[in-house]
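The first residue in the sequence is number 1, and the count goes up from there.
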Amino acid sequence: MPPVKKGFAKPKNAKKTISRMMQYMGSYKYFWILVFVCVLLSSGASVLGSYMIKPALNDYIIPLIGKQNPDLSGFLKLLVGVFCIFLVGVLASWINNRLMLHISTNLLFKVRVDLFSKLEKLPIKFYDSHTHGELMSRFTNDTDTMREMMSQTVPQLLSSTITVIAVFSMMIVLSPMLTVVMILTMVFLFNIIKFVGKRSVASFRENQKSVGELNGFIEEMIEGQKVVKVFNHEKKAISEFQQLNENLRRAGTAAMTYGGIMGPITNNTSHAQYAIVAIVASIFMILGQSHENVLNWFTGALNLGTIAAFLQYTRSFTQPISQISQQANSVLNALAGAERIFAIIDEEPEVDQGEFSLVNAFDAKNSDGSTKLVQSFANTGEWAWKNPADNSLSQLRGEVIFDHVTFGYTPAKTVLHDICIHAKPGMKIALVGSTGSGKTTTINLLTRFYDVPEGNGSITYDGIPLNQISKSALRKSLGMVQQNTHLFTGTIRENIRFGNLDASDAQVYEAAKLANADHFIRHLENGYDTVISGDGSSLSQGQCQLLAIARAAVANPPVLILDEATSSIDTRTEALIEKGMDSLMAGRTSFVIAHRLSTVRNADEIIVLEHGNIIERGTHDQLIEAKGRYYFLYTGNKISFDE
């Protein structure tokens, strides 16, 4: 099998990731318009409310100080106006939060659908080269970081940006000179953010990668816990876990350190900036009063109300920037997660250039008494290949030919060498040999989990090159029982019907009887309606394999593949289902992989593989008489396969 990868290639760049995320956001453009309007109203209310400090001080509070029975009607009207302004801001903020909740959940729904859809389109070799935990991390950790960014960070950034622009505009109106002073102090703050931000990107990316590797290891160890305990592998497993956990600790510490220091630095800098602006403004106001004609044109008409409003804007200006910096860790974390998600979405899907399709057919009589195949849209039990060039039909007979096939999962290592197999319609072909001899690889090529490279031989199915048959049509014609069975959460009836979703209950029962599974199923608490979960954890391994055989039986395929189909069944049960298996294989081309050679005695041809080479072939009696490798495998006498 191909080597398992520990992680995906490093993401290309943040700009591309942001662009991809914007494409998802673009599908909700009308909602974004409403969000923008709400943010504009909310930020505008905050900015306008701060500006009201100036008239409140200059026009009402200061003039009324010391007066007897002052007229507060104007001041009360101002307070009512300020209340209305902030009420609009609160309502706009509430609507904005509701809209962002709707957008973020729907965007993540679409991302998950696209991710899962892409996983369903990827070839088997992709799953052979990536751990399950690493892939599951994309649906959990990485999507969670995107959710947090879209629901919290994005609206915060949008609000902060609008606030900064509005506040800056009002500051220029109040005092251009104080605005210049404020900008000079901001240069230092931006340099700090830039310095820390560059070092945060790599840290968060490494952190997400370490999370995926740790999840993959945990998933493997939990799944294989029985093996760990049987072979006393606990200490080694703990040691490997500690190393991966240490890698995550280091990456997480670095990421959180850079993300954590951003807020305190910007907050303290903003406090210092506030003090500097206040001191400079006070000096300008004092000097302006003694040199009114000289400084007023330069600093603006400074008074207590103007300075108070400007200082409030100074705080309002640095606060959004501080919030942006505090959200930096969320942004960087989300970008790292999004890049990992897009890395899967950008994977090359399973290539299928085959155009021959599989259709139901029946024999129709011509006027001259001859018959011809005609396509049927009902299930006739007879199948035919449909040629896309002229829509002609040819009967599915089940003839499979391996013509000098050479194959390797990687160019550096060849697994099969010059394999020639001719399975005539209805023949039972048995593949035997030691572990790693190439039996399963042969089946992987027949099912087109992997394709034979050009120039390395060919495989034909009823005379049609295998790569010209669409993969869906090919696999529809094949029924397969694997060595490692997999059951899905649901009832036993649903798991058997997985082989044929259109199968009736009667067909399900018949398939279960054929696989000798009906007896134990009816003794379960709820019979065929018994719910199983955790890959059939409540059943024995042999019972799971019987259900897998029943699943293949209900599919009623023209060609049957049994990959160690009885490896988990005891000898007595195996003997009971032999007749059922023979009935299942009757009239079908069958490929059987077996280590129990007693199960392949009646095969039409037994092919012995070693190190990817066919070293013997023939019937059981012929191979026993030859007293070659098969003879020694069958009788149990020891022999070195390297002799």
Please evaluate residues Tyr127 and Leu135 with respect to the criterion side chain to side chain contact (heavy atoms under 4.5 Å, CB included), reporting the C-alpha separation (whole Å), side-chain torsions for both, the decisive distance (0.1 Å), and the verdict. CA-CA 9 Å; Tyr127 296 95; Leu135 297 178; 3.8 Å; yes
For residues [X] and [Y], determine if any side-chain heavy atom of one lies less than 4.5 Å from a side-chain heavy atom of the other.
X	Y	value
Arg98	Leu101	yes
Asn467	Gln353	no
Arg112	Thr143	yes
Asn207	Met256	no
Phe168	Ile183	yes
Leu119	Phe139	yes

Using a strict cut-off of less than 4.0 Å between a Lys/Arg side-chain nitrogen and an Asp/Glu carboxylate oxygen, indicate whether Arg340 and Asp142 qualify as a salt bridge.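 Salt bridge flag = yes for Asp142 with Arg340.
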Test: Arg475 and Glu350 ion pair at under 4.0 Å: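 Looking at Arg475 and Glu350, the cut-off is met.
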Gap between atom [atom2] of [Y] and atom [atom1] of [X] - 0.5 Å precision:
X	Y	atom1	atom2	value
Met170	Thr179	CE	OG1	11.0 Å
Ile344	Glu339	CD1	CD	13.5 Å
Ser210	Asn215	OG	CG	11.0 Å
Asp114	Phe342	CG	CZ	9.0 Å
Leu107	Tyr28	CG	OH	5.5 Å
Trp94	Ser42	CH2	OG	14.0 Å

Please check this pair: side chain of [X] against backbone of [Y], looking for a donor-acceptor N/O pair closer than 3.5 Å.
X	Y	answer
Ser93	Gly89	no
Lys118	Glu348	no
Glu120	Ser117	no
Ser239	Lys235	no

Sequence neighbours excluded - side chain to side chain donor-acceptor pair (under 3.5 Å) pairs with any residue from residues 245-256: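 As it turns out, the side chain to side chain donor-acceptor pair (under 3.5 Å) pairs with a partner in residues 245-256, which skip direct neighbours, are Gln243-Asn247, Glu246-Arg249, Glu246-Arg250.
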All pairs passing salt bridge (Lys or Arg N to Asp or Glu O under 4.0 Å) where residues 19-39 contributes a residue, at least two apart: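 As it turns out, the salt bridge (Lys or Arg N to Asp or Glu O under 4.0 Å) pairs with a partner in residues 19-39, which skip direct neighbours, are Arg20-Asp346.
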Side chain to side chain contact (heavy atoms under 4.5 Å, CB included) assessment of Glu240 paired with Phe217: CA-CA 9 Å; Glu240 293 178 5; Phe217 179 81; 3.1 Å; yes
Count the heavy atoms of every other residue, nucleotide or ligand shown that sit under 6.0 Å from CZ of Phe116, and state whether that count exceeds 12.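 For Phe116, atom CZ is not crowded (no more than 12 foreign heavy atoms under 6.0 Å).
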If you draw a 6.0 Å radius around CZ in Phe498, do more than 12 non-hydrogen atoms from other residues or ligands fall strictly inside?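 Result for CZ/Phe498: open.
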[X] and [Y]: which non-hydrogen atoms are nearest, and at how many Å?
X	Y	value
Ala166	Val47	CB-CG2, 3.7 Å
Asp451	Phe407	O-CE1, 3.7 Å
Ile276	Val181	CG2-CG1, 4.4 Å
Met21	Ala338	SD-CB, 3.9 Å
Leu214	Phe241	CD1-CE1, 3.5 Å
Leu99	Cys38	CD1-SG, 4.4 Å

Determine whether the side chains of Tyr409 and Asn444 contain a donor N or O and an acceptor N or O closer than 3.5 Å.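 Short answer, yes.
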Could you go step by step and tell me if Phe31 and Asn106 meet the side chain to side chain contact (heavy atoms under 4.5 Å, CB included) rule? CA-CA 12 Å; Phe31 284 97; Asn106 281 277; over 6 Å; no
Assess whether side chain to side chain contact (heavy atoms under 4.5 Å, CB included) is satisfied between Leu178 and Met171, documenting all intermediate values. CA-CA 8 Å; Leu178 291 181; Met171 291 172 76; over 6 Å; no
Option from Ile162, Asn96, Val35 for which side chain to side chain contact (heavy atoms under 4.5 Å, CB included) with Leu40 holds: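 One option only clears the test, and that one is Ile162.
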